[in-house]
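Accompanying notes for the structure given below.
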Amino acid sequence: MSIKSEIATSYTDSFYKQMAVGAVESAREIVPIILDLFPHINSVIDLGCGPGAWLAEFKKLGKEITGIDFGEGVSQNLMFSPQYYIKKDLSTAIELNQKFDLCLSLEVAEHLPEQCADIFITNLVNLSDLIIFSAAMPGQGGTNHINLQYPEFWIKLFYKHDYICRDILRGIIWENKKVRVWYRQNILIFIKKSSRHLIAQAESMAKFNLYGLPLIHPELFILKINRLKRK
């Protein structure tokens, strides 16, 4: 079985329905913060969009959206019009010949084999100068998480493409219980070095900069401990 078919068949209708619940509430909280930080955003692409909770929230606020995924259960659960959805294999090169104001990829990279990590990051940087990214850390748990890495791993891959990390969202949302804990723990901003206006914007609005540290959220830690106790 190919990498594509293995991954696609792992994510079915029931998986996406379960995933959408937490994503909807989290997106409602975080999307306005993103637009406060970067008010120029008009077009958004989500690589590994799933049902599209994040894109649906951007669409409500008048933004142009595009979602890419290829899990078997995506099309049945889309939260935005299918005209904005593209089915493509996330483990291979994606060429749209188009740039967007913002590229999202949230809790997706850990679902792809480590050998696909470099091409996945290449896809992201080809789509936008501004990327909001999160990926599960070791020990986090989850469905088919096969490449769990600390932030440094991803920061180095982005750096190869001249993107720098601005870790300012985590400090804003760290204690917001309406946001699912994996976003609070993992979400980072990456900006192309040559986009000095975006870097200046991010830094002027930043109250915190956690510098991509491998921080484990206490709520997730306690959840893991409680699960171990029940075994």
Side-chain angles (χ1 to χ4, degrees), residues 1-20 22-23 26 45-55 66-78 85-96 100 103-128 131-163 165 167 180-183 185-190 212-217 220 224 227:
M1 186 180 284
S2 69
I3 288 174
K4 176 180 178 179
S5 58
E6 284 180 3
I7 297 169
T9 55
S10 297
Y11 306 110
T12 57
D13 181 72
S14 60
F15 170 81
Y16 285 112
K17 284 178 179 175
Q18 182 181 12
M19 184 180 74
S26 301
I45 186 166
D46 189 341
L47 201 59
C49 63
W54 292 81
L55 289 177
T66 302
I68 298 180
D69 213 319
F70 70 108
E72 288 189 349
V74 173
S75 57
Q76 302 97 295
N77 292 284
L78 281 176
Y85 175 67
I86 302 171
K87 188 173 183 178
K88 284 186 176 291
D89 183 355
L90 302 181
S91 66
T92 61
I94 294 173
E95 296 180 6
L96 297 186
F100 298 81
C103 178
L104 295 174
S105 181
L106 302 173
E107 304 299 295
V108 175
E110 70 272 14
H111 294 268
L112 301 172
E114 185 172 349
Q115 66 264 31
C116 300
D118 194 49
I119 189 63
F120 186 71
I121 299 304
T122 300
N123 286 334
L124 296 179
V125 301
N126 285 342
L127 291 168
S128 183
I131 299 160
I132 294 183
F133 174 90
S134 74
M137 292 193 209
Q140 182 174 313
T143 301
N144 293 327
H145 286 185
I146 57 177
N147 185 27
L148 296 164
Q149 302 286 350
Y150 290 112
E152 183 182 14
F153 175 87
W154 304 108
I155 290 170
K156 285 180 177 178
L157 289 182
F158 276 105
Y159 190 79
K160 284 168 57 179
H161 296 276
D162 288 326
Y163 279 66
C165 178
D167 186 0
R180 291 301 187 267
V181 68
W182 41 89
Y183 299 122
Q185 177 178 278
N186 301 327
I187 200 164
L188 302 170
I189 298 174
F190 291 92
L213 294 171
L215 303 175
I216 306 301
H217 201 287
L220 190 58
K224 296 289 287 186
R227 284 177 179 168

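- For the pair Gln149 and Met137, the minimum side-chain heavy-atom distance is 4.5 Å or more.
- Residues Glu107 and Arg180 have side chains not in contact (no heavy-atom distance under 4.5 Å, counting atoms from C-beta outward).
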Would you sort out whether Cys165 and Trp154 count as a side-chain contact (heavy atoms from CB on, under 4.5 Å), showing the intermediate values? CA-CA 10 Å; Cys165 178; Trp154 304 108; over 6 Å; no

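- Atoms NZ and CZ, on Lys88 and Phe70 in that order, are 12.0 Å from each other to the nearest 0.5 Å.
- No donor-acceptor pair under 3.5 Å is formed between the side chain of Asp46 and the backbone N or O of Gly67.
- Tyr163 is not listed as a side-chain neighbour of Leu157, based on a closest heavy-atom distance of 4.5 Å or more.
- For the pair Gln185 and Leu215, the minimum side-chain heavy-atom distance is 4.5 Å or more.
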Residues Leu112, Asn147; criterion side-chain contact (heavy atoms from CB on, under 4.5 Å); working and verdict: CA-CA 7 Å; Leu112 301 172; Asn147 185 27; over 6 Å; no

Would you please test Phe120 and Val108 for side-chain contact (heavy atoms from CB on, under 4.5 Å) and show each step? CA-CA 10 Å; Phe120 186 71; Val108 175; 3.8 Å; yes

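- Annotation: the span from Asn123 atom CG to Cys116 atom SG amounts to 10.0 Å, rounded to 0.5 Å.
- Rounded to the nearest 0.5 angstrom, Glu110 CD and Asn186 CG are separated by 7.5 Å.
- When every heavy atom of Asp167 is checked against every heavy atom of Leu213, the shortest pair comes out as OD2-N, 3.9 Å.
- Scored by the ring pair (Phe, Tyr, Trp, His ring centres under 6.0 Å) test, Phe158 finds Phe133, Phe190 as partners (sequence neighbours excluded).
- Each of Thr66, Ile86, Ile68 was evaluated against Leu47; a single residue qualifies, Ile68, per the side-chain contact (heavy atoms from CB on, under 4.5 Å) test.
- You'll find the side chain of Pro138 reaches within 4.5 Å of the side chain of Tyr150, heavy atoms only.
- Within the 4.5 Å cutoff, the side chain of Thr92 has no heavy atoms near those of the Ile119 side chain.
- Here SG of Cys103 is found 5.5 Å from CD1 of Ile131. Values are rounded to the nearest 0.5 Å.
- With sequence neighbours left out, the salt bridge (charged side-chain N to carboxylate O under 4.0 Å, His left out) criterion links Asp118 to Lys160.
- Put simply, OG on Ser134 and CG on Leu106 are 4.5 Å apart, with the number rounded to the nearest 0.5 Å.
- Once rounded to the nearest 0.5 Å, the distance linking CG of Leu124 with CD1 of Ile132 reads 12.0 Å.
- What you find for Ile146 and Pro113 is that their closest heavy atoms are CD1-N, 3.5 Å.
- Put simply, the side chain of Glu114 reaches to within 4.5 Å of the side chain of Phe153, judged on heavy atoms.
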Stepwise side-chain contact (heavy atoms from CB on, under 4.5 Å) check, Leu127 with Leu96: CA-CA 8 Å; Leu127 291 168; Leu96 297 186; 3.9 Å; yes

